[in-house]
S.K.: 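The structure that follows is given in the form of structure tokens.
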Number of protein chains: 2
Amino acid sequence: MREARLKDVAALAGVSTATVSRVLHGNGYVSARARERVEAALRDSSYRLNAVAQELRRQKTITIGLILHGDLSNPFVGEIVIGAEQAAAEHGFTLLFLNAHGNPGQERECVETLLKRRIDGIIFTTAVHGKNVSLALDAGVRAVEIERRLCAAASAVVVDNHAAATEAMRHLVSLGHREIGFLGEPFPHDSDNDATDIPKERFRAYRDVLRECGQVVGNSHIVLGHYPRERGGWGGLEAGAAYMRRLLRQAPGLTAVFAVSDLVAAGAMQALYAEGIRVPEQLSIIGFDDTFARYLAPPLTTIRQPMFDMGYKAASLAISLIAEDAPGSSVEFCQARLVIRETTAPARAAGRSRPAHGAGRTPH
Amino acid sequence: MREARLKDVAALAGVSTATVSRVLHGNGYVSARARERVEAALRDSSYRLNAVAQELRRQKTITIGLILHGDLSNPFVGEIVIGAEQAAAEHGFTLLFLNAHGNPGQERECVETLLKRRIDGIIFTTAVHGKNVSLALDAGVRAVEIERRLCAAASAVVVDNHAAATEAMRHLVSLGHREIGFLGEPFPHDSDNDATDIPKERFRAYRDVLRECGQVVGNSHIVLGHYPRERGGWGGLEAGAAYMRRLLRQAPGLTAVFAVSDLVAAGAMQALYAEGIRVPEQLSIIGFDDTFARYLAPPLTTIRQPMFDMGYKAASLAISLIAEDAPGSSVEFCQARLVIRETTAPARAAGRSRPAHGAGRTPH
DNA sequence: CTGAAAGCGCTAACAG
DNA sequence: CTGTTAGCGCTTTCAG
């Protein structure tokens, strides 16, 4: 037995399909009597609207495509997806979702697939190649980029990394730290991927704040470098540990460290643990992203990226562009803010030259 | 200017739509000359197949719906999604994705939406209510459940938690540990959610292995309890810390701890860090899931759930069911395996009564 | 207020 | 080998 169609319901109710459609969507005039009969028929027939047919006829799909680039194991992007789904669901939209694996070619494929499916909007959870964004735009589909702006004609949701990193640095400075190290983003050897400028923004903030308080920005306090991409995980953990060890060697007076990401911070904390250096008693450390920061020991002070918000805003933006039927290229800003947890404490004169376990309580 | 249709291409090439369709899909007979002309026309016309029309005509969507229940910030489910996408993409399927927020009512809505869209399969990333699974099945849609089996008529992908937890415990035992504590799953006060039996499986393994080696399974070594669900995060972190402190008080001879999840383990490690107790020198600890375990200091030994695999297998299973056009309810098993990192070490006689920093190198 | 009818863009017999 | 044709299930004028 095939599924019930509008026609079947109509037959059952003794009316035309047009009438059934009208009661289904609550538009047009329908007499009370007809409505009743249709509703009864609807109940008896286990009818379920065929959205595919509807989409074909209406020439819109109420669907928006979401392209990401690999790591959903990174809670960062997971939150974005959830945020986008939320906004979509609130407007009756549905999310079609594809993985470009951070690869321009695959990204292009994804856009093509989406275009074939006639989705009405696309969200690029960090686009790989601007050309792919244009491809969507040219096909008359609204596009929103998250985090990185690759195509001026598209809309975007971004966060001000410089401002956020400035907040992080000011926090350290306000705690009395002056000898602050910087642990940068490791960029894999293999890719000539335009080393994204987000880490650069964060670094600029580091440098600017230091200058502001009259510190020299010494090379001994900064580690940036090439590292092979790690097998599991999303890269940066081992680099973080190696960077930290280097910093310990290079900058003996260090009292605090600003890591470009939670991941790098986690690596650094592993190195510190191995060395028996207590955080934050001997060294303060601050991360960026607020991904798994709460789970570290001690819980990591970091900058929280508004990931859910970014996804939510991106989808809302896409939907409003679709509704207005205007291509518009607006930019939404999201604010990242400092979350103070337990890895930052006031600087003390001696830095890490005090004995290990300065503040560690002993086991009972 | 509207988008090019098959008809336009046909006109341009001077053939019928049937011929164009044939070259497009490489089936049926087409003369070389006709093929050439069609290909030329295709190139000139920026034609893009309308998948919606195709779906309507063919009565299948090559789409599978993925329902999850909230936390994509949990890397656990993120990996599952990626795995599912991978398998789907390999077979030309596409993923429609909805969030049921762990709520039976919303889950039902999700199923309805999916059914309306005429998806050909559904994956429940841990279903909430068996009735919703049946709903899909009754509509003739293939359904696959991940992790929890709620509907006997559906297919499923599960992991043997008892076996995996046994491996974890055996690891501890082989290291010479006998005084092993158990940190259980905190169940929120508010929900009368059938405390899922997965934690129970893990606990059974704990008990069984201990008995195997002739240990009494003492209450002093076990902490299970009700805890209010935490605001951020997915619950269990603070419980882990509290449980750990309790265990320290109750079981002075403790040399190792088995935590029911990485999250609980992370909480425990925070408590230990605060107490100045070194891991693994004074106390070994093992987790479960392998979510952010690598990022902890020291990197947490844990049981790796094959999350990607689970997603991959679920989608593959759904796709094969769709292909066979058979409802079949088979179950696929995934193997979780031990990942030894740095939180487990041989038991020493004294347990944690030795001085802090047994193996901590001092800073240079 | 209601029904008939013309498609949305594509596919797949079927008949040349 | 190729074209004609009849829909897939729904929406929406347009006449009544």
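Throughout, protein chains are lettered first and strands after them, A, B, ... in sequence-line order, and every chain is numbered starting at 1.
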S.K.: What heavy-atom pair brings A:Ile67 and A:Cys110 nearest, and what distance separates the two atoms?
M.R.: CD1-CB, 3.8 Å
S.K.: Under a 4.0 Å N-O cut-off, is there an ion pair linking B:Arg108 with B:Glu112?
M.R.: yes
S.K.: Between A:Val331 and A:Val158, what is the shortest heavy-atom contact and its length?
M.R.: CG1-CG2, 3.9 Å
S.K.: Is the backbone N or O of A:Arg5 less than 3.5 Å from a side-chain atom of A:Asp8, with the two atoms forming a donor-acceptor pair by type?
M.R.: yes
S.K.: Are A:Arg117 and B:Thr63 close enough that a side-chain donor and a side-chain acceptor fall under 3.5 Å?
M.R.: yes
S.K.: Any side-chain donor-acceptor pair under 3.5 Å between B:Glu85 and B:Tyr312?
M.R.: no
S.K.: For A:Glu90, does the CD atom sit with more than 12 other heavy atoms under 6.0 Å from it, leaving out its own atoms?
M.R.: yes
S.K.: Using five base pairs at each end, measure the axis-to-axis angle across the helix from C:dC1-D:dG16 to C:dG16-D:dC1 and round it to 10 degrees.
M.R.: 40°
S.K.: Minimum heavy-atom separation for A:Leu317 to A:Ser330, with atom names?
M.R.: CD1-OG, 3.7 Å
S.K.: Looking at A:Thr17, is its backbone amide N or carbonyl O close enough to the side chain of A:Thr19 to form a donor-acceptor pair, meaning the two atoms are under 3.5 Å apart?
M.R.: no
S.K.: Return the minimal non-hydrogen interatomic distance between A:Val157 and A:Cys334, and the atom names on each side.
M.R.: CG1-SG, 3.7 Å
S.K.: What are the 5'-most and 3'-most nucleotides of DNA chain D lying under 4.0 Å from any heavy atom of chain B?
M.R.: D:dC1 to D:dG9
S.K.: Would one find a side-chain N or O of A:Thr19 under 4.0 angstrom from OP1 or OP2 of C:dG3?
M.R.: yes
S.K.: Give me the distances for all protein-to-nucleotides 9-13 of chain C N/O pairs that come in under 3.5 Å?
M.R.:
from	atom 1	to	atom 2	distance (Å)
C:dG9	OP1	A:Gln59	NE2	3.1
C:dG9	OP1	B:Arg2	NH2	2.8
C:dG9	OP2	B:Arg2	NH2	2.8
C:dG9	N2	B:Ala53	O	3.4
C:dC10	OP1	B:Tyr47	OH	2.3
C:dC10	OP1	B:Asn50	N	3.2
C:dC10	OP2	B:Leu6	N	2.5
C:dT11	OP1	B:His25	NE2	3.1
C:dT11	OP1	B:Gln54	NE2	2.8
C:dT11	OP2	B:Ser21	OG	3.2
C:dT11	O2	B:Arg57	NH1	2.2

